[in-house]
Amino acid sequence: EKWMADEFTGPIRLVGDYSYEKISYPGPPRNDFYAMDWNKGKLAIASGRPEFKSPGFLRHGYYLLEDESWSYHDNATMPEWQNIDIHDFIDVSVNPKNPDEIALATYSAFPLTVVNTSTNECNVFNDTNSLIQTSLAGNGWSLASDVCYDSKGNLWVLNGWSERPLVVKQANNTWWAYDCGMEARNKYTTRMVLDKNDNIWFATETNGLFGYNYSKTFDNAGDDQRINLTSGDYSGALPSENVTALAVDLDGEPRIVTGK
């Protein structure tokens, strides 16, 4: 049996002297990828991107990979997205308590969507039905730069360019928003992670890394703890206050990448 391959067609099995069989593998229908999340056998991918801190106005939606099968969803397949100003899907999170539920973040007039992937139905949120604020730039859009479900299924939203950048929708659909200090207000936020204790860590482009512990009491901000890690010798000594990436390692600890 003979095989051959090249950079365009992939593997080919030669059949006899005059025939062949192309070997193909399932893949997503588009090649736009910006962020992804995986949980309990489900991979979700957001396919938008911002352009220099502004919306790129890409209306590509999201992909799902489950049971070795790909699906793609955008405003043509999601009725709730049709005829509204929604674009730039820049982050996605799979609910660990219910993997059929995913959350999508955008930089648009409708910054958050929660999708039931089993029914292809969704709820869309903006400043009128949630505590997510519109950008203080006054452009009418809201920046949800990241979304993360915690271990209990509460959905955290990183709301950049706002006075209260940390917003949470509890599993019972109650909303809360938190002031993370003067240095976190009205900043261009980027990424967010939750560590093994469900502490929230989020990054900015100019003011370093912020940590927030809500002390497991959503309604009492008085016992919350927060920290801002910067380039100062006594405040973290980061190489740069431009935090470009965040991750949580296998021990549940946050790892930081900066611009230097």
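Under the 4.5 Å side-chain heavy-atom criterion for Ile, Leu, Val, Met, Phe, Trp and Tyr, F218 and L194 are members of the same hydrophobic cluster. Under the 4.5 Å side-chain contact rule for hydrophobic residues, I256 and W201 share a cluster. Under a hydrophobic clustering in which Ile, Leu, Val, Met, Phe, Trp and Tyr are joined whenever their side-chain heavy atoms come within less than 4.5 Å, directly or via other members, M36 and W38 fall into the same cluster. Under a hydrophobic-cluster definition in which Ile, Leu, Val, Met, Phe, Trp and Tyr are linked whenever side-chain heavy atoms come within less than 4.5 Å, directly or via other members, I200 and Y149 are assigned to different clusters.
A donor-acceptor pair is defined here as one N or O able to donate and one able to accept, closer than 3.5 Å; such a pair exists between the side chain of S130 and the backbone of I132. Side-chain atoms of K97 do not come within 3.5 Å of backbone N or O of K152 as any donor-acceptor pair. With E101 contributing its side chain and N95 its backbone, the two residues share no donor-acceptor pair below 3.5 Å. Judged by distance alone, with hydrogens and angles left aside, the side-chain atoms of S162 form a donor-acceptor pair with the main-chain N or O of N159 at under 3.5 Å.
For the residue pair Y212 and N199, no side-chain donor N or O sits within less than 3.5 Å of a side-chain acceptor on the partner. The closest side-chain donor-acceptor pair between S69 and D67, if any, does not fall under 3.5 angstrom. For the 3.5 Å distance criterion, the side chains of T128 and N126 qualify, holding a donor opposite an acceptor. No hydrogens or angles considered: nothing links the side chains of D85 and S108 as a donor-acceptor pair under 3.5 Å. Between the side chains of T204 and T189, no donor-acceptor pair of N or O atoms lies under 3.5 Å.
Within the 4.5 Å cutoff, side-chain heavy atoms of R191 are placed close to those of D91. V94 has its side chain out of reach of K40: every pair of non-hydrogen atoms, C-beta onward, lies at least 4.5 Å apart. Two residues are said to be in side-chain contact when any heavy atoms from C-beta on lie closer than 4.5 Å; Y178 and W156 meet this criterion. Residues T117 and I102 have side chains in contact (heavy-atom distance under 4.5 Å, counting atoms from C-beta outward). F33 has its side chain within reach of P28: a pair of non-hydrogen atoms, C-beta onward, lies under 4.5 Å apart. Residues N123 and T113 are not in side-chain contact: their nearest non-hydrogen atoms beyond the backbone lie 4.5 Å or more apart. Residues I86 and T106 meet the side-chain proximity criterion, which asks for heavy atoms closer than 4.5 Å. Looking at F210 and I227, their side chains never come closer than 4.5 Å, going by heavy atoms from C-beta outward.
Between the CG atom of D32 and the OH atom of Y72 there is a distance of 7.5 Å, given to the nearest 0.5 Å. Taken from CG in L209 to CG in L246, the straight-line distance is 5.5 Å, to the nearest 0.5 Å. Going from atom CD1 of I90 over to atom CG of D146 covers 8.0 Å, rounded to the nearest 0.5 Å. Here the CG-CG distance, from D195 to D251, works out to 12.0 Å after rounding to the nearest 0.5 Å. Between the SG atom of C148 and the CG atom of L155 there is a distance of 8.5 Å, given to the nearest 0.5 Å. The CG atom of L14 sits 10.5 Å away from the CD atom of E21 when rounded to the nearest 0.5 Å.
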Take S151 and D198 through the test side-chain hydrogen bond (donor to acceptor under 3.5 Å, both in side chains) and record every step on the way to the result.
-> CA-CA 7 Å; S151 61; D198 278 344; 2.7 Å; yes
Between N213 and D224, does a side chain to side chain contact (heavy atoms under 4.5 Å, CB included) hold up when you go through it step by step?
-> CA-CA 6 Å; N213 180 339; D224 295 356; over 6 Å; no
Determine, step by step, whether N242 and S240 satisfy the side-chain hydrogen bond (donor to acceptor under 3.5 Å, both in side chains) criterion, reporting the C-alpha distance in whole Å, the side-chain angles of both residues, the deciding distance to 0.1 Å, and the verdict.
-> CA-CA 5 Å; N242 177 15; S240 166; 5.2 Å; no
Residue pair R185, R164: steps toward the side chain to side chain contact (heavy atoms under 4.5 Å, CB included) verdict = CA-CA 7 Å; R185 297 174 195 159; R164 296 179 298 175; over 6 Å; no
Full working for ring-ring contact (aromatic ring centres under 6.0 Å, His included) between F125 and F110 | CA-CA 6 Å; F125 299 94; F110 295 89; over 10 Å; no
side-chain hydrogen bond (donor to acceptor under 3.5 Å, both in side chains) between T230 and S235, intermediate numbers included = CA-CA 6 Å; T230 68; S235 58; 2.5 Å; yes
Criterion salt bridge (Lys or Arg N to Asp or Glu O under 4.0 Å) on K42 and D100, from CA distance to verdict = CA-CA 8 Å; K42 180 170 290 185; D100 284 335; 3.2 Å; yes
Side chain to side chain contact (heavy atoms under 4.5 Å, CB included) between V92 and I45, intermediate numbers included = CA-CA 7 Å; V92 62; I45 300 174; 5.7 Å; no
In sequence, state the C-alpha distance, the side-chain angles, and the governing distance for Y20 and V15, and then conclude on side chain to side chain contact (heavy atoms under 4.5 Å, CB included).
-> CA-CA 5 Å; Y20 64 90; V15 181; 5.6 Å; no
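With salt bridges taken as basic N to acidic carboxylate O contacts below 4.0 Å, none links D88 and R49. By the 4.0 Å N-to-carboxylate-O rule, E205 lies too far from K187 to be salt-bridged with it.
Figure legend: K216 and Y214 shown as a cation-pi pair, the cationic atom lying under 6.0 angstrom from the six-membered ring centre and within 45 degrees of its axis.
Here the closest non-hydrogen pair linking N154 and Q170 is OD1-CA, 3.3 Å. Across all their heavy atoms, G56 and E51 have their closest contact at CA-CG, 3.4 Å. Closest approach of K260 and P239 over heavy atoms only: CD-O, 3.4 Å. In plain terms, the two heavy atoms of N39 and P96 that are nearest each other are ND2-CB, 3.5 Å. Nearest heavy-atom pair across Y62 and L104 is CD2-CD1, 3.5 Å. What you find for R59 and I84 is that their closest heavy atoms are NH1-O, 3.9 Å.
Under the 6.0 Å cut-off for aromatic ring centres, W161 and Y107 do not qualify, their centroids lying 6.0 Å or more apart. Ring centroid separation for the pair F57 and W141 comes in under the 6.0 Å cut-off.
Of the candidates Y63, Y34, W81, F89 forms a ring pair (Phe, Tyr, Trp, His ring centres under 6.0 Å) with just one, namely W81.
Counting heavy-atom neighbours within 6.0 Å of N220 CG, excluding the residue itself, gives a total above 12. By the neighbour-count criterion of 12 heavy atoms within 6.0 Å, atom CD of E253 is densely surrounded, having more than that number from other residues, nucleotides or ligands.
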